[in-house]
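What follows is a short report on a single structure.
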Amino acid sequence: MNDTHYIITGAGSGIGQALAILAASKRAKVIASDIDEKGLEETRQKVMAQNGWINTHRLDVSDPQAIIDFAAMVKKNYNPQQIVLVNNAGVALNSGTFVETPMQDFEWLMNINLYGVIRMTKAFLPLMLEQNNGNIVNVSSIFGIMGVRYQSAYCTAKFGVKGFSDVLKFELIDTNIKVSSVHPGGIKTNIASNARVSEGQNAKQVAADLEKFEREALINTPEYAAEVILKGIQKGKSRILIGRDAKILDILVRTFPDNYFRKIPKSMTERAKVD
Ligand SMILES: NC(=O)c1ccc[n+]([C@@H]2O[C@H](COP(=O)([O-])OP(=O)(O)OC[C@H]3O[C@@H](n4cnc5c(N)ncnc54)[C@H](O)[C@@H]3O)[C@@H](O)[C@H]2O)c1
């Protein structure tokens, strides 16, 4: 992987950080970006500790101009010949039902979780086409395969990432560019604890929901997720499911496409009890 540049967004924490470390350990060159400079520095230190190749750049994937500038800088400074673009940066939102969700929060999430992926791809795909090689790896979720209550913005964005990726797979079928959509189940990262909380949400309920979600749903480690993603990329897999939970839920959706949401155990999506 000596000549491969992994361009990873959201690489300052969780899955993105673990993938940066793993890819660098396999001798890939890692261009890591994140909005969180402290997290990025931690990633850089961890990669340097194993003598890996890494450069870090602050990048907010909800900023269209910053993405254009970033892509131009990457081309000029690194002249990458083989790109693996990992659109991983993402956020969560604690906003209750769709009716309770303020539109500005919905749009905030879409700008990062969906438009971030689309804009990064728009910026890098022309270069990949010129070279006729590379991988686009878009991190969706199992919530990009199944709709879940209280997750209207997140599911909309993640279904969007899947739809966008499927179109790219089709359009790039005769090229040497592989496209993968990644669908993790619950992974123990900071995403839930860093979630934005919408105005009007009850703080006690939010804290109890977080505790329940972290205890019941976040099962696998980011290192495990990174291994599955890397293997998936190397095999050129078009769909990468991570964890037994994601695989079971995917089967459930395919078996009961019209009413899978009635088959999901109620306790799984129920809000935590608070007194
Ligand atoms: N953890 C899970 O259970 C899980 C499950 C399914 C999908 N995912 C997806 O995996 C991806 C990685 O999430 P994670 O679980 O590692 O979370 P995480 O919070 O540990 O990492 C996400 C990273 O994205 C960065 N980020 C947030 N907003 C950004 C922005 N505007 N620009 C650039 N970077 C930004 C954060 O600073 C953070 O470092 C996300 O797309 C998430 O939706 C996570």
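Along the sequence shown, residues carry numbers from 1. For ligands, and for the atoms within them, numbers begin at 1 and follow the listed sequence.
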(message) Can you confirm whether V74 sits close enough to H57 that some side-chain heavy atom of one is under 4.5 Å from a side-chain heavy atom of the other?
(response)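 No, every pair of side-chain atoms sits at 4.5 Å or beyond.
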(request) Answer whether the closest heavy-atom distance between the side chains of Y154 and L109 falls below 4.5 Å. (result) yes
[atom]: nearest protein contact (heavy atom, Å):
atom	value
atom 32 (N) of ligand 1	V61 N, 3.0 Å
atom 15 (O) of ligand 1	T189 OG1, 2.6 Å
atom 3 (O) of ligand 1	I187 N, 2.8 Å
atom 16 (O) of ligand 1	I15 N, 2.8 Å
atom 13 (O) of ligand 1	I191 CD1, 3.9 Å
atom 29 (C) of ligand 1	I35 CG2, 3.7 Å
atom 18 (P) of ligand 1	S13 OG, 3.5 Å
atom 41 (O) of ligand 1	N88 O, 2.8 Å

Under 3.5 Å, is there a donor-acceptor pair linking the side chains of [X] and [Y]?
X	Y	value
R119	N111	yes
Q82	T4	no
N138	N87	yes
S198	D105	yes
Q65	D63	no

Please could you name the atoms of ligand 1 that [X] approaches to less than 4.0 Å, counting only its heavy atoms?
X	value
V91	27 (C), 28 (N)
G14	16 (O), 20 (O)
P184	5 (C), 6 (C), 7 (C)
D36	37 (O)
L218	3 (O)
V139	9 (C), 10 (O), 11 (C)
G186	3 (O)
G90	22 (C), 24 (O), 27 (C), 40 (C), 41 (O)

So, 4.0 Å and heavy atoms of [X]: is ligand 1 close enough to count as a contact?
X	value
Y154	yes
P222	no
K158	yes
N190	yes
G185	yes
S140	yes

Enter the distance from [X]:[atom1] to [Y]:[atom2] here, rounded to the nearest 0.5 Å.
X	Y	atom1	atom2	value
K178	N133	NZ	CG	10.5 Å
F261	K266	CZ	NZ	14.5 Å
Q151	N94	CD	CG	7.5 Å
N132	I177	CG	CD1	6.0 Å

(message) On a heavy-atom basis, I'd like to know which of S141, S193, A11, G10 is closest to atom 24 (O) of ligand 1.
(response) G10
(request) Could you name the option among L19, D34, I142 that has the heavy atom nearest to atom 25 (C) of ligand 1? (result)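 Looking at heavy atoms only, the winner is D34.
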(message) Between ligand 1 and D60, is the shortest N or O to N or O distance under 3.5 Å?
(response)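 Checking ligand 1 against D60, an N or O pair does fall under 3.5 Å apart.
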(request) Using a strict cut-off of less than 4.0 Å between a Lys/Arg side-chain nitrogen and an Asp/Glu carboxylate oxygen, indicate whether K38 and E42 qualify as a salt bridge. (result)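 Not counted as a salt bridge, because no side-chain N and carboxylate O are separated by less than 4.0 Å.
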(request) Answer yes when K247 and D250 have at least one side-chain N-carboxylate O distance shorter than 4.0 Å, and no when they do not. (result)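 The answer is no: the pair does not qualify as a salt bridge.
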(message) Does I242 form a side-chain contact (heavy atoms from CB on, under 4.5 Å) with I187? I'd like the steps, not just the answer.
(response) CA-CA 9 Å; I242 306 177; I187 312 293; 3.9 Å; yes
(request) Could you tell me how the ring of Y78 sits relative to the ring of H5: parallel (under 30°), tilted (30 to 60°) or perpendicular (over 60°)? (result) tilted
